[in-house]
2 protein chains.
Amino acid sequence: MDALSVAQRKLMPEMSELLKKRYQILQTIYLEQPIGRRTLSEVAGATEREIRKETDLLRNQQLIEMKTAGMTVTSQGVEVLEKLKVFVREISGLTDMEMELQTILGISKVVILPQDSDEIPAVKSHIGKEAARLLEVLFGRYKKIAVTGGSTMAAISKELSIGKPNRALQFIAARGGLGEDVLHQANTIAAAFAEKTGGSFKTLYLPDHLSVEAFAMMMKEPVIKEMMDLYDQTDIVVHGIGNAEEMAVRRHSSLEEVEKIRSGGAVSEAFGYYFDKDGKIVYRIRTAGIQLEQVQKASTILAVAGGGSKARAILSYFKNAPNPTVLVTDEGAARKIIELTKKLEEL
Amino acid sequence: MDALSVAQRKLMPEMSELLKKRYQILQTIYLEQPIGRRTLSEVAGATEREIRKETDLLRNQQLIEMKTAGMTVTSQGVEVLEKLKVFVREISGLTDMEMELQTILGISKVVILPQDSDEIPAVKSHIGKEAARLLEVLFGRYKKIAVTGGSTMAAISKELSIGKPNRALQFIAARGGLGEDVLHQANTIAAAFAEKTGGSFKTLYLPDHLSVEAFAMMMKEPVIKEMMDLYDQTDIVVHGIGNAEEMAVRRHSSLEEVEKIRSGGAVSEAFGYYFDKDGKIVYRIRTAGIQLEQVQKASTILAVAGGGSKARAILSYFKNAPNPTVLVTDEGAARKIIELTKKLEEL
DNA sequence: TTTAATGGGACAAAAAACGTCCAGCTAGAA
DNA sequence: TTCTAGCTGGACGTTTTTTGTCCCATTAAA
């Protein structure tokens with residue numbers, strides 16, 4: 001940050017918070033436009049009054065327009081968003097925090113987005129957008145992309161821009177149906193990615209909790225075998241990170257499974273594997289899907305997870321995560337991770 | 001101004017005013033330190049409450065310190081003042097206004113300081129400080145400086161910094177006592193300049209309103225003659241600009257004089273000359289002192305005058321002012337001058 | 001010792017911000 | 001076409017903040 005900005009912040013300390021707030025509102029309008037006052041207040045995590053005050057101002061400044069359909073960002077508004085992007089990151093201390101997280105997690109790249117997606121739903125979209133941008137760059141070089149499920153992954157698919165169709169891209173569902181609701185299943189996500197980019201997709205339909213025998217049988221099926229081969233050729237893996245217990249509950253795991261997860265001290269979950277606080281594999285769901293070794297062979301791994309509640313899980317997963325992994329997360333998670341790490345060091 | 005600042009101002013329009021206000025308060029404290037809340041509120045033209053609110057904040061930001069003797073600016077505060085100086089000028093539009101005034105007045109350099117000295121007494125000190133800085137640079141090249149009287153000139157003398165004494169400097173009172181109070185007479189000012197810079201000074205003591213005979217007689221006196229010769233060698237002339245009627249009143253001019261001044265449509269006054277709205281000389285006080293031709297021969301002429309009330313006078317004086325003149329003024333005067341000029345153009 | 005200035009505390013009055021409705025309108029779905 | 005969900009803008013009592021204005025104990029200088 002230049003000396004001018006430092007002096008400015010010194011003389012007007014209230015400016016930082018205000019700027020961040022307005023920026024976030026403007027950005028959210030941009031992302032969700034057209035959007036109304038009430039909807040915006042929910043998604044931006046602010047009261048209706050506050051939204052109203054700020055949007056009135058934004059309109060006076062000709063950064064947004066209000067029509068009967070809702071509010072939209074003007075070209076001037078877009079420009080302001082672009083010009084202030086780096087600055088907002090700096091006054092939030094995000095750039096510094098990214099460096100810190102890279103050291104803590106032992107990976108080469110971390111991208112942190114402002115705010116906490118636990119508190120402000122719109123932040124999830126921002127994370128999705130950022131991940132989408134990163135992916136789009138990679139699409140130039142790599143064509144085989146394995147994707148997992150989850151709401152975060154769904155957010156990415158929403159933010160993929162519909163440029164010129166890229167028929168070479170192949171999206172592979174990293175797992176079969178894992179008991180999650182359809183919208184957030186890997187299969188659905190893979191289809192969504194393919195639709196947005198103009199690529200193709202491969203799904204894996206295999207029920208959970210098969211008996212050992214049935215599982216062995218299925219693995220011999222050509223359809224399934226083909227997928228297993230595809231996993232070997234994967235260039236990019238895009239996946240979320242979940243809280244172990246939450247995932248177990250959401251997947252309606254059997255009592256036996258829950259017991260193993262719990263007794264093993266599982267903290268995090270990613271592509272069907274459960275990890276304890278030291279990053280050791282505690283349990284893995286016995287179902288078809290990408291294997292850890294296959295993930296590790298990929299050229300690029302993109303992990304996406306945000307919200308303070310995910311901090312422990314992220315920390316756990318990255319104890320033994322492959323080094324080329326890139327993490328996209330948010331301020332809430334980042335702060336919590338740093339806090340947890342500091343506490344641990346004190347002991 | 002860079003794109004970042006433009007975007008920032010777009011998103012936070014209230015920032016500009018706030019920044020200007022705080023900057024001005026901080027600057028005033030710096031100039032008058034140590035100073036108390038009440039005194040500051042008078043000199044800065046703000047209510048006690050407002051001053052209190054802002055100074056509390058400035059203290060929290062460690063830009064000022066509050067002791068029992070009053071408030072003082074910390075080193076951090078000084079730094080902020082320096083770093084933001086140019087920026088404050090820009091957001092006030094002063095840089096643009098300077099260019100505009102240069103065109104309107106037909107001179108090569110104008111310096112405008114924020115605010116209006118009519119409303120805020122402290123602005124006079126700021127003008128004085130700026131003029132003092134400009135002069136100090138010139139002192140390197142030029143040694144013979146003629147100075148007039150007036151409160152503005154007094155403000156300059158107060159702000160001259162006491163560097164290493166410069167014995168070569170010679171300050172010459174441009175006029176004799178003109179009926180003003182002693183503190184603001186040219187003689188006193190010349191002495192003050194000399195004291196601050198370590199130079200010498202020459203005074204001219206000659207009563208006002210002499211009869212024609214007595215005047216002729218005095219002009220033959222060696223003491224007086226010496227001064228007249230000095231005026232011929234003057235390098236720099238520093239002078240204020242006054243409102244014609246005000247000056248006439250302050251100098252207790254005779255009825256006859258006042259009548260001449262009034263009937264002639266005099267608007268401005270400078271070193272004893274009265275000018276009408278077109279810059280024509282309407283009247284000149286018959287007393288010893290520098291002559292207009294001598295002023296015009298000087299290498300540099302520094303005119304200093306501020307406050308909206310001086311706008312007409314400044315405009316009048318500069319109709320025929322020598323081109324190498326530099327004007328130091330304030331925002332109040334500058335805005336009024338521009339306003340008046342625009343009105344004139346419309347007719 | 002006196003005096004004039006200082007920062008800090010206090011508090012009622014005024015102003016601004018806030019939460020929360022409702023009315024009227026419009027675009028898109030049915 | 002009608003219907004409906006979602007939009008903006010207006011309104012208003014309540015709460016919170018800001019403002020104006022004192023006084024007081026303290027301190028540095030005269």
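Just the heavy atoms: all of them, side chains too, but no hydrogens, waters or symmetry mates, feed the values below. Proteins come first, then strands; the chains are lettered A, B, ... in the order of their sequence lines, and each starts at number 1.
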Would you classify A:Glu48 as touching base, sugar-phosphate or nothing, given that sugar-phosphate means primed atoms plus P, OP1 and OP2, and contacts are heavy atoms under 4.0 Å?
base
Quick one: [X] [atom1] to [N] [atom2], roughly how many Å, whole number?
{"X": "A:Ile35", "N": "C:dT26", "atom1": "CD1", "atom2": "P", "result": "21 Å"}
{"X": "B:Glu42", "N": "D:dG20", "atom1": "CD", "atom2": "P", "result": "15 Å"}
{"X": "A:Lys53", "N": "D:dT8", "atom1": "NZ", "atom2": "P", "result": "18 Å"}
{"X": "B:Glu54", "N": "D:dG20", "atom1": "CD", "atom2": "P", "result": "13 Å"}
{"X": "B:Ile64", "N": "C:dG7", "atom1": "CD1", "atom2": "P", "result": "9 Å"}
{"X": "A:Gln33", "N": "D:dT8", "atom1": "CD", "atom2": "P", "result": "13 Å"}
{"X": "A:Arg37", "N": "D:dA11", "atom1": "CZ", "atom2": "C1'", "result": "12 Å"}

Do you see a donor-acceptor pair shorter than 3.5 Å between the side chains of [X] and [Y]?
{"X": "B:Lys196", "Y": "B:Ser157", "answer": "no"}
{"X": "B:Asp118", "Y": "B:Ser309", "answer": "yes"}
{"X": "A:Lys124", "Y": "A:Ser151", "answer": "yes"}

Distance test, side-chain N/O of [X] to OP1/OP2 of [N], below 4.0 Å:
{"X": "B:Arg59", "N": "C:dG8", "value": "yes"}
{"X": "A:Thr39", "N": "D:dG6", "value": "no"}
{"X": "B:Thr47", "N": "D:dT19", "value": "no"}
{"X": "B:Lys67", "N": "C:dT6", "value": "no"}

Can you tell whether the side chains of A:Arg59 and A:Glu65 come within less than 4.0 Å, N to carboxylate O?
no
Taking donor-acceptor contacts at under 3.5 Å, does the side chain of A:Arg52 reach the base of D:dG10?
yes
With the side chain of A:Met66 defined as its heavy atoms from C-beta on, choose the nearest nucleotide among C:dG7, D:dT8, C:dT26.
D:dT8
Between C:dG19, D:dG9, C:dG7, which nucleotide gets closest to the side-chain atoms of A:Arg49?
C:dG19
